Amino acid sequence: MDRIGTDADTQSAIDIVREHVFFKPKEAHGWQSKPELPTAEEILAEKSDIDELPENPVDVPWASKEDYLTAQYEILRREAIEGLRYSVRSFADHRRKESLMDDDFTNIYTQVRVKEYVMSTIGPLARVSFSTERSRYRIQWQQSKRLQPGKIVALSPRSDNFKKICKIATVAQRPYKNGLDQDPPVVDLAWANPDDAVLNPQLDMVMIESLNGYFESARHSLVGLQHVARIDSPLDKYLTGAHTKDAYPEFLKECTDMDISTLANAATSEHTEAVTELKSYDIVNNGVPNLSGLTFLDESQLLGLHRIISKELAIVQGPPGTGKTYTSIEALKVLVANRRQRRGPPILVAAQTNHALDQILAHCDNGGARILRIGGRTQSESIKPCALFELRQKCGRNQIPADHKCRGIDARRQENAMKIQELVDSLFNDRLLDPQALLDFGIITAEQHRSLCDESVETHEAMNEHGPFALWLGDSLIPASIRENRHPTQLELSEAEVRMNLPEFELEDEEDIENIADDEEDELYRLRGPVIPLKHRLTGKDPANLRTWDRAVARALQNQDLFSIDRDLRGAVYQYFQARLLDAMTPKFAALIAENVNLCKQRKAFKFLGNAQLVDKLGIDVVGCTTTGLTKYRGCLAAMQPQSLLIEEAAETREANIVSALYPSIQQLILVGDHKQLTPRCDIQRLGDAPYKLSLRFAVLAAEF
């Protein structure tokens, strides 16, 4: 990656970003060698390996950081992918796959075909059409939780049905307008492995979606744990459970004095001298300050606040109504004031839900802090101006140095897209197949080539426009659209059936309903880019009396004279030739797709760097995101080199989500929550219980109200 100027801080930031965006698992190193997304081998595994997972004891110290991280990673990864493995295995093992319907664990989509590729800024997206014929009811897409962005799906050619072939993809976007409202509906997928990219629009696939779990919530934590295994952190000593003593963060060891005057929120003009003394208070040696008559904080809140601002690890917990959030806000005011004095990095604030995050950021904003919200679509009108997109727009297009690099990369992405378009144009056009190309790729023999291009037929009029295959196909040559439009893809309701309110067409359970964005918001956030269609203009007609014809085609091609093949079968043979030629060109196509993925990663790296530069330029005090965002945007956040991390709703946050967010720069971890309320969610109950305890809260020390 290119250097950005000569500034040491900028170079350090780009190095941090690069380590994250271009992260590669260690080879032959157990769990640290596993890829970000599940492999085909994991999903096709016949049996679950839960019994082989390491245990997660909570009452004894861990032998090492490596052992601790191994257990966290392996248990979390199994929980993240077990649902899809089970669904795929159930489908593959079913004797009557053609009649198998959706159930409480699995959604099955058939007639899945790649229609086109969208060359978006996050990478090439395969736009696939599909049938919902296996659903027990007509799907109300605007209220459905099916195929939510971030879900992983498994695809396999219908001819294989997950016997050996399994392609993993993630749902990139599922807009309703011009997407799910179409017949057939379409959704955009990102291939986990560019080598799995499909070039053949006629490849009939089945797609499996598990209703158990949401991979996106674990995906980035898994990678984050691999990062944590490679670096040292001041907080490592707390992971094994062997360290139980208080310690102060590194930045306080340099200077133990802090300005805590913001705590004097009840002071009057009579307290001027006392407030002045609080501007330089030795927080380490003087202990909890005596603020009697100066603050609205009660004794227990003040004790909790002192832990927050002075300890390396602070866990503040208590029941509702005890002022945990209020205490957090007052502590953040202190941290912000001192950040400004020493010109330190921004303070990182996270919460389990978008709603809780917006609430605490709104309090920070009201307190005068300059805030930045990363990720998610905030519903708070007061926070929207602080969203990353809005601040970038306000800052101006040419004010962030890293953005200039993005424009250069965009030009290279455009060149790559043109190469892909040229390749696709050579395969999908108004011409019939070139027999020489089939010969060059070994799809037909030299004898078959000569029979097709025999001198005795070269002068036939039909060959002038379309070549030798026009004569050979004759009436079996048809527009490809005839084959594409022949299958119904969705359950249809007549007016009479609507009035009858037939039970098989009932809506999904009300508790499962989750409205996706409306059309206007959909259009605003939709991933866009050049669209490269995959569509044959001409093809061969299906045989009249055959449901499947793979074996018939194989027998027919034993003939060295192609004109000796039965006329009714020639359309099927031509379809076979088209598919084989696309198979032969797929490696070149996949290489170009991989090149585009790499360019998009470069662009992402400079965008991340630009975000860090934006924080510095605007003097941002507090950066907020959800706990999922802590690892999803890990490269961006780590480049800002925050020293303090505060997590609200920490009792509802998974242990792995917190541990995976321990960037090397983090010197202070503050966890605030109610340990007697909701526990972290676990999609597989067995993994939530002993001995795996995935639902365990991260709690080592506590200052309880």
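Small disclaimer: the values here were computed from a predicted structure and weren't measured.
The shortest distance between side-chain heavy atoms of Thr240 and Pro61 does not fall below 4.5 Å. The shortest side-chain heavy-atom distance between Asp674 and Pro320 falls under the 4.5 Å cut-off. Counting heavy atoms from C-beta outward, Leu637 and Phe608 have side chains that stay 4.5 Å or more apart. Looking only at side-chain heavy atoms (C-beta outward), Leu687 and Leu53 come within less than 4.5 Å of each other. Contact of the Thr327 side chain with the Val672 side chain is not registered, since no non-hydrogen atoms from C-beta on lie closer than 4.5 Å.
Distance check, rounded to the nearest 0.5 Å: CD1 of Ile231 to OH of Tyr663 gives 11.0 Å. Of the inter-residue distances, the one linking Ser328 atom OG with Lys333 atom NZ reads 12.0 Å to the nearest 0.5 angstrom. Distance check: Tyr238 OH to Leu662 CG gives 11.5 Å after rounding to the nearest 0.5 Å. Put simply, CG on Leu222 and CG on Leu76 are 4.5 Å apart, with the number rounded to the nearest 0.5 Å. Between Leu694 atom CG and Arg681 atom CZ the span is 12.0 Å, to the nearest 0.5 Å. With rounding to the nearest 0.5 Å, the separation of CG in Leu671 from CD1 in Ile315 is 5.0 Å.
Asn366 places a side-chain N or O within 3.5 Å of a backbone atom of Ala362 that can act as its donor or acceptor partner. Of the possible polar contacts, one joining the Asn290 side chain to the Ser292 backbone as a donor-acceptor pair under 3.5 Å is found. Judged purely by atom type and a 3.5 angstrom limit, Asn56 uses its side chain to pair as donor or acceptor with the backbone of Tyr692. One N or O on the side chain of Lys65 and one on the backbone of Val228 form a donor-acceptor pair closer than 3.5 Å. A side-chain donor-acceptor contact under 3.5 Å links Gln301 to the backbone of Asp298. Put simply, the side chain of Tyr248 never gets that close to the backbone of Thr256: no donor and acceptor are under 3.5 Å apart. Looking at Lys26, its side chain never comes within 3.5 Å of a backbone N or O of Gln226 through a donor-acceptor pair. Within the 3.5 Å criterion, the main-chain N or O of Val334 finds a donor-acceptor partner in the side chain of Asn338.
Checked for salt-bridge contact, Lys24 and Glu36 miss the test: no charged N lies under 4.0 Å from a carboxylate O. Between Asp358 and Arg373 a salt bridge is recorded (basic side-chain N to carboxylate O distance below 4.0 Å). Using a 4.0 Å cut-off between a side-chain N of Lys or Arg and a carboxylate O of Asp or Glu, Arg77 and Glu82 do not qualify as a salt bridge. Between Arg654 and Glu79 there is a salt bridge, with a side-chain nitrogen of the basic residue lying less than 4.0 Å from a carboxylate oxygen of the acidic one. A salt bridge between Lys405 and Asp403 is absent, with no side-chain N of the basic residue lying under 4.0 Å from a carboxylate O of the acidic one.
Residues passing the side-chain contact (heavy atoms from CB on, under 4.5 Å) test with Thr631, sequence neighbours excluded: His220, Ser221, Ser660. Ala264 is linked by a side-chain contact (heavy atoms from CB on, under 4.5 Å) to Ala267, Val275, Leu278, Leu294, counting only residues two or more places apart in sequence or in another chain. In this structure Asn265 satisfies the side-chain contact (heavy atoms from CB on, under 4.5 Å) test together with Thr295, Phe296, Tyr326, Glu330, sequence neighbours excluded. Applying the ring pair (Phe, Tyr, Trp, His ring centres under 6.0 Å) criterion to Tyr73, with sequence neighbours excluded, gives Trp31. In terms of the ring pair (Phe, Tyr, Trp, His ring centres under 6.0 Å) criterion, His306 has no residue partners (sequence neighbours excluded). Qualifying salt bridge (Lys or Arg N to Asp or Glu O under 4.0 Å) partners for Glu250, counting only residues two or more places apart in sequence or in other chains: Lys253. By the salt bridge (Lys or Arg N to Asp or Glu O under 4.0 Å) test, Lys311 pairs with Asp246, sequence neighbours left out. Scored by the side-chain contact (heavy atoms from CB on, under 4.5 Å) test, Phe251 finds Pro249, Arg342, Gln643, Ser644, Gln667, Gln668 as partners (sequence neighbours excluded). Checked against salt bridge (Lys or Arg N to Asp or Glu O under 4.0 Å), Arg230 has no partners two or more places apart in sequence or in another chain.
Heavy-atom contacts from other residues, nucleotides or ligands closer than 6.0 Å to CD of Glu299 number 12 or fewer. By the neighbour-count criterion of 12 heavy atoms within 6.0 Å, atom NE2 of His355 is sparsely surrounded, having that number or fewer from other residues, nucleotides or ligands. For Lys384, the NZ atom sits in a packed shell: over 12 heavy atoms of surrounding residues, nucleotides or ligands are nearer than 6.0 Å.
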Decide yes or no on side-chain contact (heavy atoms from CB on, under 4.5 Å) for Ile670 and Leu645, but give the supporting numbers first.
-> CA-CA 6 Å; Ile670 304 153; Leu645 168 60; over 6 Å; no
Give the C-alpha distance, both sets of side-chain angles, the deciding distance and a yes or no for side-chain contact (heavy atoms from CB on, under 4.5 Å) between Ile400 and Arg392.
-> CA-CA 9 Å; Ile400 303 175; Arg392 271 184 163 276; 3.6 Å; yes
Candidate pair Val623 and Ile371, rule side-chain contact (heavy atoms from CB on, under 4.5 Å), full reasoning = CA-CA 6 Å; Val623 176; Ile371 66 172; over 6 Å; no
In sequence, state the C-alpha distance, the side-chain angles, and the governing distance for Asp365 and Val622, and then conclude on side-chain contact (heavy atoms from CB on, under 4.5 Å).
-> CA-CA 9 Å; Asp365 186 40; Val622 175; over 6 Å; no
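Looking at Asn598 and Arg603, their side chains never bring a donor and an acceptor atom within 3.5 Å of each other. Side-chain contact check for Ser261 and Asp259: at least one donor-acceptor pair (N or O, by modelled atom type) lies under 3.5 Å. Between the side chains of Ser380 and Ser382, at least one donor-acceptor pair of N or O atoms lies under 3.5 Å.
Taking the six-membered ring where tryptophan is involved, the planes of His227 and Phe23 are tilted, since the angle between them lies from 30° to 60°.
The salt bridge (charged side-chain N to carboxylate O under 4.0 Å, His left out) contacts involving residues 630-651 comprise Glu216-Lys632, where partners must be two or more places apart or lie in separate chains. Among residue pairs with one or both ends in residues 616-628, those qualifying as side-chain hydrogen bond (donor to acceptor under 3.5 Å, both in side chains) are Arg339-Asp621, Arg340-Asp621, Gln352-Thr627; sequence neighbours excluded. Applying the salt bridge (charged side-chain N to carboxylate O under 4.0 Å, His left out) rule to pairs touching residues 261-288 yields nothing, sequence neighbours excluded.
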